[in-house]
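We count ligands from 1, going down the list as the structure has it; atoms in each ligand are counted the same way. Numbering of residues begins at 1 and proceeds along the displayed sequence.
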Amino acid sequence: MTDQTSDAAPDQTLAAFRKSIDNIDAALIHMLAERFRITQAVGEYKARTQLPPADPSREARQIERLRKLAVEADLDPEFSEKFIRFVIDEVIRHHEIARRG
Ligand SMILES: C=C(O[C@@H]1C=C(C(=O)O)C=C[C@H]1O)C(=O)O
């Protein structure tokens with residue numbers, strides 16, 4: 001059998017890497033929660049003041065800025081753009097719901 005997950009001795013090196021990955025994943029979740037807390041307030045403000053849910057020019061500036069930061073950080077700028085696009089699209093969906101009341 002080639003099952004390496006059940007009977008094999010615990011791999012301490014892999015476990016240490018994974019502990020760090022788990023900490024990073026937890027930080028990402030906390031940061032995203034904080035971001036969505038703020039964007040919820042933005043959505044309520046926009047609904048109150050009749051501003052549109054999306055602001056494409058702001059989004060374009062954010063994407064450009066994050067692409068540059070990604071290159072500096074050795075992260076794939078395409079990935080960075082896809083990631084922030086995914087997040088922003090979810091925010092806009094929330095803002096549209098807030099507008100409908
Ligand atoms: C949060 C805003 O609303 C939308 C969501 C954005 C975001 O998640 O960063 C950016 C622009 C808007 O399309 C905003 O206008 O600042």
Problem set entry | Test item: His95 side-chain N/O and Thr39 main-chain N/O as donor-acceptor pair under 3.5 Å | yes

Exercise. Once you round to the nearest 0.5 Å, how far does CG of Leu14 lie from CD of Gln12?
Worked result: 10.0 Å

For this session: Would you please test His94 and Glu90 for side-chain hydrogen bond (donor to acceptor under 3.5 Å, both in side chains) and show each step?
Result: CA-CA 6 Å; His94 292 180; Glu90 180 67 3; 3.0 Å; yes

Exercise. Under a strict 4.0 Å criterion on non-hydrogen atoms, which protein residues are in contact with ligand 1?
Worked result: Arg35, Val42, Lys46, Pro53, Ala54, Asp55, Arg58, Glu59, Gln62, Ile88, Val91, Ile92, His95

Seminar exercise, completed: Note: with side-chain heavy atoms under 4.5 Å as the link, the other cluster members for Leu51 come out as Tyr45

Exercise. Between Asp22 and Ser20, do the side chains contain an N or O donor and an N or O acceptor separated by less than 3.5 Å?
Worked result: no

Exercise. Any chance CZ of Arg18 has more than 12 other-residue heavy atoms, nucleotides or ligands included, within less than 6.0 Å?
Worked result: no

